[in-house]
Amino acid sequence: MLQRLAASRSKWRDTIINTRRWLHSEDSQAAQSYTARKNSWFSPTILVLGFIPVFTFALGTWQMQRLQWKVALIDELQEKLHREPIFLPKRVNLSVVPEFVYRRVLLRGRWDHKHSMLLGPRVREGSHGYHVVTPLIRSDGSTVLVDRGFVAKEFADADTFERGETGEVVILGMLRTSHTRNSFTPDNKPTEKTWYWADVDAMADYAGGEAKNVQPVFVEQIYEGSSQDATLRLNKGIPLGRAASVDVRNAHLSYVITWFSLSAFTTAMLVRLVLKRRAQNHHRPLPRQ
């Protein structure tokens, strides 16, 4: 009986030992055969972060080229503005007017107050008002349009602004073209004497057109007086002309900084993500049993 019991215990001991060996062998094989799943390098996040730096860098380069072009244009207009003023010919060649934009000109003639127009509303140093555009009948018989300058809203609404001399005058101004109209600017209403933007052709027609020898030439009168005299003119409702300066907007430098900064920022994000993905793929712990 004792021999049978001893044999049975020995048999169970051998079975347990063999089972443990088998389990250990299975664990070893599982550890050797386990391979960590690697994250893909072509995830949507990486693809987007890889595209954005290139795209924004290209936009920054384009804006840099635009900046150089705009600076050269402003320098050219400044050079034109500082040339000696010229008298306009009797018949102005309209096709070359864009080449003379910001060129100072001298005009001699008398005002056609009957066809004056209020252009606006406009704002000057926080004051609301309008610009007075009056045809000038020149001594040679031709007529051009002159933006005489700003008058406050109270004078414009009451139609009490100073009309100016009735005799011959000599003014200094600069050649301009029609204003660029944006999508938010309403349509002009010539029949109601409402002008929101300078449409030179329509204004010339309103002043008489070719039948009255009115040319679609637009001149902005220049004011060269003191600031004290300017305040006095505004308080009396006398149109105040503009300063002799180039007012071409140049915001390309801010665009350059914006696009290049965005390119650098997204590049840093991409590098950080790639390094993190690389570290994850090279070091991944075994799964727990």
Side-chain angles (χ1 to χ4, degrees), residues 65-112 115-120 122 131-150 164 168-183 185 187-188 190 195-224 239-252:
Q65 297 172 349
R66 295 279 297 173
L67 174 63
Q68 295 172 349
W69 167 79
K70 185 60 72 68
V71 170
L73 174 63
I74 293 175
D75 290 341
E76 179 184 352
L77 295 178
Q78 288 280 12
E79 190 274 331
K80 289 182 180 180
L81 183 61
H82 288 89
R83 293 180 186 178
E84 288 296 320
I86 59 175
F87 281 97
L88 289 180
K90 180 178 180 179
R91 295 299 303 176
V92 178
N93 184 354
L94 301 179
S95 63
V96 300
V97 168
E99 300 177 11
F100 287 84
V101 170
Y102 284 99
R103 185 67 187 273
R104 291 187 299 165
V105 295
L106 288 170
L107 300 173
R108 179 181 287 110
R110 53 187 176 83
W111 298 115
D112 179 13
H115 292 98
S116 287
M117 294 160 270
L118 292 177
L119 180 64
R122 297 289 187 269
H131 280 213
V132 179
V133 179
T134 305
L136 182 71
I137 304 174
R138 298 197 290 166
S139 303
D140 57 21
S142 63
T143 300
V144 297
L145 303 172
V146 179
D147 182 348
R148 299 172 57 199
F150 179 87
E168 189 174 70
V169 297
V170 178
I171 69 165
L172 173 67
M174 68 173 81
L175 272 175
R176 297 301 303 272
T177 55
S178 292
H179 295 170
T180 302
R181 178 191 179 191
N182 59 42
S183 57
T185 304
D187 294 330
N188 291 326
W195 302 89
Y196 296 103
W197 59 287
D199 184 348
V200 178
D201 291 328
M203 287 179 162
D205 291 338
Y206 174 82
E210 294 183 3
K212 298 293 184 180
N213 204 17
V214 180
Q215 301 180 72
V217 177
F218 195 71
V219 177
E220 292 180 345
Q221 188 172 355
I222 295 174
Y223 173 75
E224 296 181 314
L240 181 63
R242 60 164 295 163
S245 61
V246 176
D247 55 3
V248 176
R249 183 173 179 268
N250 184 10
H252 294 291

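Position 1 is the first residue of the sequence, and the numbers go up from there. Predicted model, so just to flag it, every value in this text is computed and none were measured.
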### Message
Is a donor from one side chain sitting under 3.5 angstrom from an acceptor on the other, for Asn213 and Arg91?
### Response
yes
### Message
Looking at every heavy atom in both Pro98 and Leu94, which two are closest together, and how far apart are they?
### Response
CD-O, 3.8 Å
### Task
Please answer whether the main-chain N or O of Phe150 pairs with a side-chain N or O of Arg242 as donor and acceptor at a distance below 3.5 Å.
no
### Task
Could you tell me the separation between the CG atom of Leu119 and the OH atom of Tyr196, rounded to the nearest 0.5 Å?
11.5 Å
### Query
Do Asn188 side-chain atoms and Pro190 backbone N/O form a donor-acceptor pair below 3.5 Å?
no
### Query
Considering residues at least two apart in sequence or located in another chain, which fulfil the salt bridge (Lys or Arg N to Asp or Glu O under 4.0 Å) criterion with Glu79?
Arg83
### Query
Would Tyr102 and Val246 count as a side-chain contact (heavy atoms from CB on, under 4.5 Å) if you check the C-alpha gap in whole Å, the side-chain angles of each, and the deciding distance to 0.1 Å?
CA-CA 7 Å; Tyr102 284 99; Val246 176; 4.2 Å; yes
### Task
Measure the CH2-NE2 distance between Trp197 and His179 for me, rounded to the nearest 0.5 Å.
10.0 Å
### Query
Is the number of heavy atoms from other residues, nucleotides or ligands within 6.0 Å of CZ (Arg122) greater than 12?
yes
### Task
Kindly give the heavy-atom pair with the smallest separation between Ser142 and Lys90, and that separation in Å.
OG-O, 3.4 Å
#### Entry: Leu175 backbone acceptor or donor facing Arg103 side chain under 3.5 Å
no
### Task
Could you please spell out the steps behind the side-chain contact (heavy atoms from CB on, under 4.5 Å) verdict for Leu172 and Gln221?
CA-CA 6 Å; Leu172 173 67; Gln221 188 172 355; over 6 Å; no
### Any donor-acceptor N or O pair under 3.5 Å, side chains Gln215, Thr143
no
### Query
For Leu77, which of Leu81, Asp75, Ile74, Leu73 qualifies under side-chain contact (heavy atoms from CB on, under 4.5 Å)?
Leu73
#### Entry: Atom pair CG (Leu106) and CD1 (Ile171), whose distance is rounded to the nearest 0.5 Å
9.0 Å
### Task
Ignoring hydrogens and angles, state whether a donor on the side chain of Arg181 or Thr185 is under 3.5 Å from an acceptor on the partner side chain.
no
### Summary
Looking only at heavy atoms, the pair that brings His82 and Gln78 closest together is ND1-O, 2.7 Å
### Message
Counting C-beta onward and ignoring hydrogens, is there a side-chain heavy-atom pair between Arg176 and Val101 closer than 4.5 Å?
### Response
yes
### Message
Quick check for you: to the nearest 0.5 Å, what is the distance between Leu136 atom CG and Arg148 atom CZ?
### Response
9.5 Å
#### Entry: Interatomic distance, Ser139 atom OG to Phe87 atom CZ [nearest 0.5 angstrom]
9.5 Å
### Query
Do you know which two heavy atoms are closest between Leu107 and Val144, and how far apart they sit?
CD1-CG2, 4.0 Å
### Query
side-chain contact (heavy atoms from CB on, under 4.5 Å) between Ile222 and Arg104: does it pass, once the steps are laid out?
CA-CA 9 Å; Ile222 295 174; Arg104 291 187 299 165; 3.9 Å; yes
Quick one: side chains of residues 198-209, donor-acceptor pairs under 3.5 Å with protein atoms, not counting sequence neighbours, listed by atom name and distance.
none

### Task
Answer yes or no: is there a donor N or O on one side and an acceptor on the other, between the side chain of Lys80 and the main chain of Glu99, under 3.5 Å?
yes
### Message
Do Val133 and Trp195 have side chains that approach each other closer than 4.5 Å (heavy atoms only, starting at C-beta)?
### Response
no
### Message
For a side-chain contact (heavy atoms from CB on, under 4.5 Å) check, start with the C-alpha distance between Val146 and Trp111, then their side-chain angles and the critical distance, and finish with the verdict.
### Response
CA-CA 9 Å; Val146 179; Trp111 298 115; 3.8 Å; yes
### Message
Quick check for you: to the nearest 0.5 Å, what is the distance between Ile137 atom CD1 and Arg108 atom CZ?
### Response
16.0 Å
### Query
Are any side-chain N or O atoms of Asn250 and backbone N or O atoms of Lys70, one a donor and one an acceptor, separated by less than 3.5 Å?
no
